[in-house]
> 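Next up is a structure, given as structure tokens.
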Protein chains: 2
Amino acid sequence: MTRRVADSPKPLYQQLADSLRAKIISGELSPGSQLPTEKDLCEEFATARQTVRHGLAVLVNEGLISPARPRGYFVRRHELSYVRPQSEWRPQPSSPEMDRWMEEQTTLGREPSQRISVEIIQPPSKVAERLNIQPTSLVVARRRVRYIDSEPFNINDTFYPYELVKGSEILNPADIARGASQVLTELGYEQVRATDEIEARMPLPDEVARLELGPGNPVLVHRLTGYTANDEPVRCTVNVLIGSKHVVLFERVKPGKASL
Amino acid sequence: MTRRVADSPKPLYQQLADSLRAKIISGELSPGSQLPTEKDLCEEFATARQTVRHGLAVLVNEGLISPARPRGYFVRRHELSYVRPQSEWRPQPSSPEMDRWMEEQTTLGREPSQRISVEIIQPPSKVAERLNIQPTSLVVARRRVRYIDSEPFNINDTFYPYELVKGSEILNPADIARGASQVLTELGYEQVRATDEIEARMPLPDEVARLELGPGNPVLVHRLTGYTANDEPVRCTVNVLIGSKHVVLFERVKPGKASL
DNA sequence: CAGGTGGCATTGTCTAGTCAATCCGCACCA
DNA sequence: TGGTGCGGATTGACTAGACAATGCCACCTG
């Protein structure tokens, strides 16, 4: 038997999703609060459990709620941190122990940590294009997963043409306090120009694994290519940021106008 | 009866999703091609239709496939257009008939169109913050939905403090060929500085409606605030870009280094 | 040949159940 | 007092069906 009326074209699971979504957006159900259980919703909407689950799945995939088995469904929290790509040109961090990101997060009262690994590989095609090299030539991939309060925060993979950085500190899978771009400068490849490409998509399986993501969690992909004064690309960084945790911020001044 | 073996902890619907996802990523199933029907997959995986549908739903929500009822499921295409926020400082468009975006798209051989509406409202809280005004004061909201080849492409809503622009051309819900920021300059509020904030999230219901989005389609939100030489905010633009169709591009030069 | 029309394959919605997995708290025992 | 184990509530996985809705295509009709 179908409980849908001819006049109401919307399927029941959509009505359920709409109803709960409205409560979440209006704030009636605030972040962190618990939703009614599936059983309760079955009774409220006089329907089978599968239909209720279908409606809840819609909201899960919209990133609005997440199930915490077997405690129930909860409204998700969204706390955004700013990412400022331009800050890489700023003065060096004061502490020689930590890189810029670690220092920033510590200042904000969080507990940052990161896992670094280094590989020598053939570059992914998008990276090869941006570094202007053959896909068969070698690059050094410096891969980082960064954590805050032991929760995954973002992925930060930087690719350098192998010929440029061989034998340098960059091959060492440890923190480089003064920054990898400082090392590049010392090697004679100062990065004076950069392009930033930013896109949004759903994560790939390996990203899901590395960032421990569930459904309804898009990622912000920030691809940064750095060039020398001769317009030679020296590095390509691929940042994969969890959408619900990051905002990327740029500041621009009209050409010809005095900057601050 | 459960067909899951004790050794294989993955549920069947995940195995199905993994199997098809691998074929899509490897290219065995190329963009635009059709997947096996639900019935075929039921036989292949020896399972009930609901389980197959569950597996397919995973891929739909990952943005990899989309169902075209009743023809079957197809691998989604992703074609990205570049968005360059910095180009607003560039010389004016040559044609007096079209604004910059329309002209760019026409040059690329596409058929752009847009729907413009203007309202005078109280600003959303995020906009009020950025314009540094009370949430109860009035703003002019110039709303645009842009289409390419009659498919929705992005949303482009700009908010101006009402006091700044009242009586001007900006209240007119039509194309402003020389650009709205030129009008602001003529009114004595030249925008010489801007900040860009970019985030990724799943779309809200009104965005789903305006952009005709299905599941698995994250959006890129680009929030642009423009300031005068006195650091007064003069406008706040909220661009909602369909993730699978846009890349935002910035170019930077290290301070103190000569630009091109 | 143009236009309608009906059948068919396919996906969409929904039911009513079973059994598994997980976490939490409470009762019980040492 | 402190662990320890058990049970209950809840979500997760899956089955085997029914009927609706949609778009396409082949066929019939004028």
Side-chain angles (χ1 to χ4, degrees), chain A residues 1-20 29 32-61 64-76 208 212-216, chain B residues 1-20 29 32-61 64-76 208 212-216:
Chain A
M1 172 179 61
T2 303
R3 277 179 177 80
R4 226 161 98 202
V5 208
D7 295 79
S8 153
K10 275 209 174 167
L12 200 48
Y13 78 91
Q14 277 289 354
Q15 293 178 36
L16 186 145
D18 290 348
S19 155
L20 291 175
L29 285 167
S33 64
Q34 184 171 8
L35 274 72
T37 65
E38 293 179 355
K39 195 153 132 312
D40 292 346
L41 292 168
C42 285
E43 285 167 21
E44 184 181 341
F45 287 84
T47 186
R49 186 166 160 236
Q50 283 296 351
T51 305
V52 169
R53 283 177 67 74
H54 193 171
L56 290 167
V58 169
L59 300 181
V60 169
N61 286 311
L64 293 175
I65 64 176
S66 78
R69 180 187 184 198
R71 281 177 295 127
Y73 291 81
F74 293 82
V75 181
R76 278 180 52 180
V208 169
E212 297 170 23
L213 296 173
Chain B
M1 171 179 63
T2 303
R3 279 181 176 77
R4 227 160 99 202
V5 209
D7 296 78
S8 152
K10 274 207 174 169
L12 201 47
Y13 78 92
Q14 277 289 354
Q15 294 178 35
L16 185 145
D18 290 349
S19 156
L20 290 174
L29 285 166
S33 64
Q34 185 171 7
L35 274 71
T37 66
E38 294 179 354
K39 195 153 130 315
D40 291 347
L41 292 168
C42 285
E43 286 166 21
E44 184 181 341
F45 287 84
T47 186
R49 188 167 157 234
Q50 283 296 351
T51 306
V52 168
R53 283 177 67 73
H54 194 170
L56 290 167
V58 169
L59 300 181
V60 168
N61 287 310
L64 293 175
I65 66 175
S66 79
R69 180 187 182 194
R71 281 177 296 126
Y73 291 82
F74 293 83
V75 180
R76 277 180 54 181
V208 168
E212 296 169 22
L213 295 172

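Residue numbers start from 1 in every chain, and the chains themselves are labelled A, B, ... in the order their sequence lines are given, proteins ahead of strands. Only this structure's heavy atoms are used, side chains among them; waters, hydrogens and symmetry mates stay out.
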> Calculate the interatomic distance between B:His54 atom NE2 and D:dG12 atom P; express it in whole Å.
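In whole Å, D:dG12 P lies 9 Å from B:His54 NE2.
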
> So, for A:Val60 and A:Tyr73, which heavy atoms are closest and what is the spacing to 0.1 Å?
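A:Val60 and A:Tyr73 have their closest heavy atoms at CG2-CE2, 4.3 Å.
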
> Which heavy atom of B:Thr51 sits nearest to which heavy atom of B:Tyr13, and what is that distance?
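B:Thr51 and B:Tyr13 have their closest heavy atoms at O-CB, 3.6 Å.
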
> A:Gln14 side chain to A:Val58 main-chain N or O, any donor-acceptor pair under 3.5 Å?
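No; zero donor-acceptor contacts below 3.5 Å.
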
> In whole Å, what is the span from the CG atom of A:Leu12 to the P atom of C:dT15?
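A:Leu12 atom CG is separated from C:dT15 atom P by 7 Å.
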
> CG of A:Leu16 versus C1' of C:dT13: gap in Å, rounded?
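Answer to the nearest Å: 14 Å.
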
> Polar atom pairs between nucleotides 6-12 of chain C and protein, under 3.5 Å, N or O only, would you list them?
| unit_1 | atom_1 | unit_2 | atom_2 | d |
| --- | --- | --- | --- | --- |
| C:dT10 | O4' | B:Pro70 | O | 3.4 |
| C:dT11 | OP2 | B:Glu38 | N | 3.1 |
| C:dT11 | O2 | B:Arg69 | NE | 3.3 |
| C:dG12 | OP2 | B:Arg53 | NH1 | 3.0 |
| C:dG12 | OP2 | B:Arg53 | NH2 | 3.4 |
| C:dG12 | OP2 | B:Tyr73 | OH | 3.2 |
| C:dG12 | N7 | B:Arg49 | NH2 | 2.7 |
| C:dG12 | O6 | B:Arg49 | NH1 | 3.2 |

> Who pairs with B:Arg49 by side-chain contact (heavy atoms from CB on, under 4.5 Å), at least two apart in sequence or on another chain?
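Checked B:Arg49 against side-chain contact (heavy atoms from CB on, under 4.5 Å); matches are B:Glu38, B:Cys42, B:Arg53.
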
> To the nearest 0.5 Å, tell me how far A:Leu59 CG sits from A:His54 NE2.
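Output value for this atom pair is 11.0 Å.
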
> Heavy atoms only: give me the nearest B:Val75-B:Leu29 pair and the separation to one decimal.
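For B:Val75 versus B:Leu29, the nearest heavy atoms are CG2-CB, 4.0 Å.
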
> Rounded to whole Å, please give me the gap between CZ in A:Phe45 and C1' in C:dC14.
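Distance, rounded to whole Å: 15 Å.
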
> Write down the distance between CZ (A:Phe74) and C1' (D:dT10), rounded to a whole number of angstrom.
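From A:Phe74 CZ to D:dT10 C1': 11 Å.
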
> Is A:Thr51 near enough to C:dT15 that one of its side-chain N or O atoms lies under 4.0 angstrom from OP1 or OP2?
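For C:dT15, OP1 or OP2 has a side-chain N or O of A:Thr51 closer than 4.0 Å.
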
> Starting at atom NZ of B:Lys10, determine the distance to atom P of C:dA21, rounded to an integer number of angstrom.
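Between P of C:dA21 and NZ of B:Lys10: 17 Å.
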
> Tell me whether the OP1 or OP2 atom of D:dT15 has a side-chain N or O from B:Thr47 closer than 4.0 Å.
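For D:dT15, OP1 or OP2 has a side-chain N or O of B:Thr47 closer than 4.0 Å.
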
